[in-house]
Amino acid sequence: MTDAHGGIRGWFAGRRGVWSRLRFTSLRLRLVVVFGLVALTAAVSASGIAYWLNREAVLTRTQDAVLRDFQQEMQNRAGALPEHPSQDELQHTAGQMANSSQRFSVLLVSESADGKAVYGTSGALDGFSLREVPRSLQKAVNKEQKVDSANKYPYHLYWQRVVDDGTPYLVAGSQVINGGATGYMLKSLEPEAKDLNSLAWSLGIATALALVGSALLAQAAATTVLKPVHRLGVAARRLGEGRLDTRLRVSGTDELADLSRTFNLAAEALEKRVADMAGRDEASRRFVADMSHELRTPLTAITAVTEILEDELEAESGSVDPMIEPAVRLVVSETRRLNDLVENLMEVTRFDAGTARLVLDDVDVADQITACIDARAWLDAVDLDAERGIHARLDPRRLDVIMANLIGNALKHGGSPVRVSVRMAGERGDEVVIAVRDHGPGIPEDILPHVFDRFYKASASRPRSDGSGLGLSIATENARIHGGELTAANSPDGGAVFTLRLPRDISELTEEPGAVDGPAGAEGEIR
């Protein structure tokens with residue numbers, strides 16, 4: 001069964017390869033087809049005209065020679081017959097007429113003295129007969145014309161081409177002037193037909209050769225045209241892959257050379273623009289990193305002072321003046337928020353700079369999530385559905401950051417209870433799937449695509465919130481550095497569902513010393 005499936009997949013792969021090659025060479029095929037059609041049309045037209053002209057010339061030449069000879073024989077021999085010849089006389093004269101240079105069959109018709117029709121043929125009794133002469137021709141031959149200044153003779157020579165059993169014949173007839181025998185002639189045109197067939201075959205072969213030559217010419221022309229286009233396509237792909245120093249060699253002054261020059265100018269401008277943007281982006285990241293490090297020093301002192309103030313607020317001695325107690329609480333809260341923001345900015349800076357690394361360890365996923373929930377006193381608000389024994393090799397600190405952000409976000413903006421489920425997935429169970437679901441109103445459809453954007457606020461009227469707008473962004477970056485992904489959706493039963501997918505073994509990534517120096521703050525995002 002596996003071999004059968006493999007064979008079917010191979011067949012479809014082969015068909016896809018054929019179609020892709022056809023698509024790749026479609027312009028070449030169109031050029032060949034167009035050249036072929038033009039050449040075929042020209043060759044067929046030329047061959048048809050040549051065949052028609054030669055056919056008329058051959059038939060007319062043969063026909064004129066035969067009719068001229070027949071007319072002369074009618075004047076010389078049939079005209080010498082008596083007014084009422086016998087059958088033997090007609091037979092003898094017909095034989096003499098048939099022995100002319102054109103070698104045609106002759107039939108002579110006359111009347112005897114008693115008014116009966118008398119026939120004489122050049123062949124045997126079963127030779128040329130009156131039945132083989134078309135009635136229209138007989139009627140025209142026997143019809144007496146009016147003699148006037150325009151018509152000097154009452155009878156004329158008439159001819160007609162007929163086909164019998166596939167063989168063409170020339171039939172002619174005339175009557176002796178001033179009374180006498182009527183003569184008919186039958187001449188086979190088979191030699192001329194064979195010559196015309198040979199000519200048709202020659203013209204057909206010439207047409208085929210012209211078609212083949214046009215295809216070869218089209219192939220050469222297509223190669224000449226498509227080679228620069230192919231180089232342009234390769235250069236465009238390299239440019240799309242980030243190799244901004246890609247340039248085309250320009251030669252000539254035609255349209256393709258102009259296209260290559262335009263591509264080089266565009267690539268040069270793009271390289272310059274990207275370099276400028278990269279420089280500004282690097283300066284921006286360096287500024288954020290420097291600012292975050294500079295803020296940590298005063299924040300350390302401020303944090304120590306706010307801890308002392310917080311202890312004084314919680315003391316029973318009441319050493320803090322009730323009038324300034326709200327202000328002190330506000331300072332403590334905002335200092336803690338500012339400290340979390342600085343930590344998040346430093347974490348984001350590490351991701352942007354590519355210096356964030358993993359400190360891998362074999363952990364029980366259920367135990368790790370339980371520790372995260374317990375450390376933040378969320379045990380009463382979170383329902384954990386996870387079996388012990390699901391082990392994974394990952395960074396425990398970064399998993400803690402992800403789960404703290406997802407669960408904190410669900411508690412703050414969703415509805416209790418928050419359910420966290422853990423299961424294995426994948427064909428070989430090589431993936432861990434963690435789903436965090438709340439029972440709130442869900443995420444609006446217009447906001448759903450932006451929940452992982454940095455500093456995104458769901459409502460412009462509330463730009464200030466408890467969070468910085470970086471929590472979910474940091475969570476998705478931590479998932480990505482593990483080789484996994486984090487997605488958001490709305491449950492059909494209500495509430496939002498965040499799904500984290502992580503591979504169970506990430507062993508190729510190593511830790512950079514000093515890259516992580518403390519846990520990033522966990523916070524909820526504004527929806």
Can you find a heavy atom in the side chain of [X] that is under 4.5 Å from one in the side chain of [Y]?
{"X": "Gln368", "Y": "Cys372", "value": "no"}
{"X": "Val420", "Y": "Met403", "value": "yes"}
{"X": "Arg261", "Y": "Val250", "value": "yes"}
{"X": "Arg398", "Y": "Asp400", "value": "no"}
{"X": "Leu399", "Y": "Leu502", "value": "yes"}
{"X": "Asp195", "Y": "Leu199", "value": "no"}
{"X": "Leu406", "Y": "Leu472", "value": "yes"}
{"X": "His439", "Y": "Asp493", "value": "no"}

Original post:
Short question: side chain of Arg247, backbone of Leu244 - any donor-acceptor pair under 3.5 Å?
Top reply: yes

Original post:
Is a side-chain donor or acceptor of Asn409 paired with a backbone partner of Asn405 at a separation under 3.5 angstrom?
Top reply: no

Nearest heavy-atom pair of [X] and [Y]: which atoms, and what distance?
{"X": "Trp378", "Y": "Ala404", "answer": "CH2-O, 3.5 Å"}
{"X": "Glu485", "Y": "Ala479", "answer": "C-CB, 4.1 Å"}
{"X": "Ala366", "Y": "Leu384", "answer": "O-CD2, 4.2 Å"}
{"X": "Leu360", "Y": "Asp395", "answer": "CD2-N, 4.0 Å"}
{"X": "Ala210", "Y": "Ala43", "answer": "CB-CB, 4.2 Å"}
{"X": "Phe498", "Y": "Ala488", "answer": "CE2-CB, 3.5 Å"}

Once rounded to the nearest 0.5 Å, what's the spacing between atom [atom1] of [X] and atom [atom2] of [Y]?
{"X": "Glu445", "Y": "Asn490", "atom1": "CD", "atom2": "CG", "answer": "5.5 Å"}
{"X": "Asn54", "Y": "Ser47", "atom1": "CG", "atom2": "OG", "answer": "11.0 Å"}
{"X": "Leu37", "Y": "Thr41", "atom1": "CG", "atom2": "OG1", "answer": "6.0 Å"}
{"X": "Ile407", "Y": "Asp438", "atom1": "CD1", "atom2": "CG", "answer": "11.5 Å"}
{"X": "Arg393", "Y": "His482", "atom1": "CZ", "atom2": "NE2", "answer": "10.5 Å"}
{"X": "Glu271", "Y": "Glu268", "atom1": "CD", "atom2": "CD", "answer": "7.5 Å"}

Could [X] and [Y] be called an ion pair, given the rule that one side-chain N must be under 4.0 Å from one carboxylate O?
{"X": "Asp385", "Y": "Arg437", "value": "no"}
{"X": "Asp364", "Y": "Arg388", "value": "no"}
{"X": "Arg238", "Y": "Glu241", "value": "no"}

**OP:** Apply the test salt bridge (charged side-chain N to carboxylate O under 4.0 Å, His left out) to residues Asp276 and Arg273: give CA-CA distance (whole Å), side-chain angles for both, the deciding distance (0.1 Å), then the verdict.
**Re:** CA-CA 5 Å; Asp276 293 342; Arg273 181 68 60 86; 5.6 Å; no

